[in-house]
6 protein chains.
Amino acid sequence: MRFLKPTRVVHAHCDLPCGVYDPAQARIEAESVKAIQEKFQGSSDEEFRTRAIAIKEERADMVKHHLWVLWTDYFKPEHLEKYPELHELFWNATKAAGEAKKSVSPDQGQQLLDLINQIDKIFWDTKKS
Amino acid sequence: MRFLKPTRVVHAHCDLPCGVYDPAQARIEAESVKAIQEKFQGSSDEEFRTRAIAIKEERADMVKHHLWVLWTDYFKPEHLEKYPELHELFWNATKAAGEAKKSVSPDQGQQLLDLINQIDKIFWDTKKS
Amino acid sequence: MRFLKPTRVVHAHCDLPCGVYDPAQARIEAESVKAIQEKFQGSSDEEFRTRAIAIKEERADMVKHHLWVLWTDYFKPEHLEKYPELHELFWNATKAAGEAKKSVSPDQGQQLLDLINQIDKIFWDTKKS
Amino acid sequence: MRFLKPTRVVHAHCDLPCGVYDPAQARIEAESVKAIQEKFQGSSDEEFRTRAIAIKEERADMVKHHLWVLWTDYFKPEHLEKYPELHELFWNATKAAGEAKKSVSPDQGQQLLDLINQIDKIFWDTKKS
Amino acid sequence: MRFLKPTRVVHAHCDLPCGVYDPAQARIEAESVKAIQEKFQGSSDEEFRTRAIAIKEERADMVKHHLWVLWTDYFKPEHLEKYPELHELFWNATKAAGEAKKSVSPDQGQQLLDLINQIDKIFWDTKKS
Amino acid sequence: MRFLKPTRVVHAHCDLPCGVYDPAQARIEAESVKAIQEKFQGSSDEEFRTRAIAIKEERADMVKHHLWVLWTDYFKPEHLEKYPELHELFWNATKAAGEAKKSVSPDQGQQLLDLINQIDKIFWDTKKS
């Protein structure tokens with residue numbers, strides 16, 4: 001519901017490091033990927049479909065990029081100790097993002113989103129502790 | 001508080017259009033800009049400061065880009081009718097992002113964030129109606 | 001005619017600011033967009049058409065970028081006072097550039113060029129005063 | 001004089017090819033390079049100078065890019081026959097653009113502009129014939 | 001054979017200049033171009049082919065970029081004296097890379113690779129002397 | 001020695017996938033990083049050093065990118081089974097690339113190269129089997 005909309009400070013990243021990170025960046029692009037997959041399914045216009053495929057390629061690439069940044073730059077050895085599944089989780093999520101370039105199925109896009117949600121959950125857990 | 005953390009679908013963009021937009025993209029980069037300005041102030045290391053200036057240049061550029069996309073791609077004439085201040089607000093916000101390249105004052109970064117928050121508020125209002 | 005070819009200094013931009021701006025940058029890309037739309041119409045080769053669509057996507061994106069830069073970085077409040085239509089004009093022109101990604105009609109490309117010409121005219125007027 | 005301002009169609013490029021080229025793209029960026037070199041000389045502010053150096057790096061890179069595109073994509077063997085100096089001219093001009101990254105002297109920027117003007121002259125000559 | 005695999009330091013580039021160059025960068029991308037052309041021929045899936053065309057466009061562009069950098073940044077007048085064919089060779093190779101965007105024939109990709117191999121040979125000759 | 005110079009086909013990548021990968025891409029950029037660190041140490045020219053820092057930022061970023069691509073796109077579960085250290089190795093190597101942005105010590109650059117060499121060794125082992 002709208003009134004729960006967060007006032008929390010969102011987080012991004014640079015290698016300074018500025019210390020600002022947020023899985024939302026990956027998730028936003030993945031939402032876009034899934035929306036494109038849905039629109040592709042809903043259209044029979046050839047030019048539209050060509051554009052959808054080309055644009056999805058880029059969006060999925062940005063998902064990969066944002067996830068890689070989180071993995072390498074945000075997460076530290078102490079996080080890995082607590083969440084030993086981190087490496088595998090990021091590997092699967094970035095592989096799913098690569099798969100999203102090939103797939104025009106919204107189900108595939110949802111699987112990508114599910115993996116990002118798992119990362120998001122761990123991310124915010126580390127912020128609490 | 002953490003348990004209020006949103007489950008809402010976050011939003012991004014592409015010109016397909018995929019219909020996914022979210023002011024969080026601009027805000028995340030602007031948070032980064034302000035954090036860099038703060039770290040710049042807190043350091044007297046010359047190489048660090050050089051890096052901070054170069055990185056801030058890019059981050060501020062991404063703030064501009066994300067804001068421009070929202071202005072041109074998301075907002076429609078019917079929104080402008082209801083929020084006639086939209087043009088001026090985006091103009092000021094993108095100018096503030098340009099100013100952030102030149103400024104190393106966190107106050108300036110906060111002003112940029114305040115403008116983005118105004119945009120964010122209008123954005124989510126349009127989502128409700 | 002060739003002998004009228006301008007010796008005037010052309011103008012670009014950066015956020016330093018270097019003070020160099022020129023609507024030609026947007027216009028050149030828009031010419032490219034329209035030329036692609038024409039070539040698309042003139043070909044029935046599927047691979048060529050796929051390339052045309054993918055390339056037009058990028059060129060139109062650069063039109064948007066160059067226009068946004070002019071709007072935010074070059075134009076100042078005193079210009080807006082004299083040309084109150086500026087916000088609306090840039091909004092329409094950048095929306096037309098977004099539309100150009102979707103359209104394969106050279107007429108649409110020409111409409112984009114017409115809007116850029118209006119901006120160009122105001123730009124050079126401000127240079128005279 | 002303003003009334004001589006060209007109505008000629010300006011020209012850009014893509015590898016489709018769209019057939020739109022214009023040396024103005026390189027020249028605009030080179031003007032920016034020279035303006036930055038001048039502003040660098042006129043300032044003793046350390047942060048400004050750092051930004052000037054970082055931005056000049058990018059602008060000079062775009063000069064190189066636009067020149068390379070002209071050389072490879074626009075010019076054809078028949079042009080080379082008529083203007084056998086073309087290879088050497090482009091080599092020198094792109095090397096001067098690389099040199100511009102290292103130099104903060106506006107004289108160097110002017111030399112780059114002079115080379116681009118030579119290219120521009122040949123370019124428009126080929127358009128006449 | 002594997003045991004001949006080089007331990008030599010590979011080489012890249014930047015305009016600092018860092019002095020690190022290597023034709024392998026262009027060759028790797030050209031290998032990718034040819035592989036895409038082969039995969040294109042081997043598939044009748046329309047979405048796959050659309051992706052292949054869009055991706056080939058980018059890879060071929062990177063071939064051009066890496067070759068241009070070698071030509072302008074690595075090679076010096078004394079090299080040209082010894083290898084007067086350099087300008088023509090790079091011109092042909094970058095034109096072939098442009099052609100690779102249009103062609104889906106692996107033979108064309110191989111021609112591009114052959115030209116790069118000629119450059120590679122000269123490059124390593126200059127390293128010996 | 002020159003006559004050992006490899007005739008092997010070098011390898012790159014795209015997400016098609018084209019199946020072309022090569023750790024040389026990361027290594028070339030890392031060589032550049034180390035060369036910049038050395039040149040930084042050998043110079044007391046302030047503008048040169050500013051450029052070195054800005055350029056190193058980009059080169060190190062490309063190291064990260066090329067490594068991430070290898071990790072996600074080339075390596076498969078069966079490789080991980082045989083080389084269980086892969087995740088940790090890539091994590092350390094990409095973290096070292098991030099560290100290289102901050103460091104102006106050639107020793108640090110060498111550590112990055114050593115990690116890439118470990119990856120390179122495993123990569124070519126998987127090609128043999």
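A note on names: the letters A, B, ... follow the listed sequences, proteins ahead of strands, and every chain is numbered from 1.
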Subject >> Heavy-atom neighbours of F:Glu46 CD exceed 12 at 6.0 Å >> reply: no
**OP:** Would you name the heavy atoms of F:Cys18 and E:Ala35 that are closest together and state the gap between them?
**Re:** O-CB, 3.6 Å
Subject >> Donor-acceptor pair, side chain of F:Lys39 and main chain of E:Gly19, under 3.5 angstrom >> reply: no
Original post:
Relative to chain F, which segment of E:Ile55 carries a heavy atom at a distance below 4.5 Å: side chain, backbone, both, or neither?
Top reply: side chain
Original post:
Which heavy atom in E:Leu16 sits nearest to a heavy atom in F:Arg51, and how many Å separate them?
Top reply: O-NH1, 3.1 Å
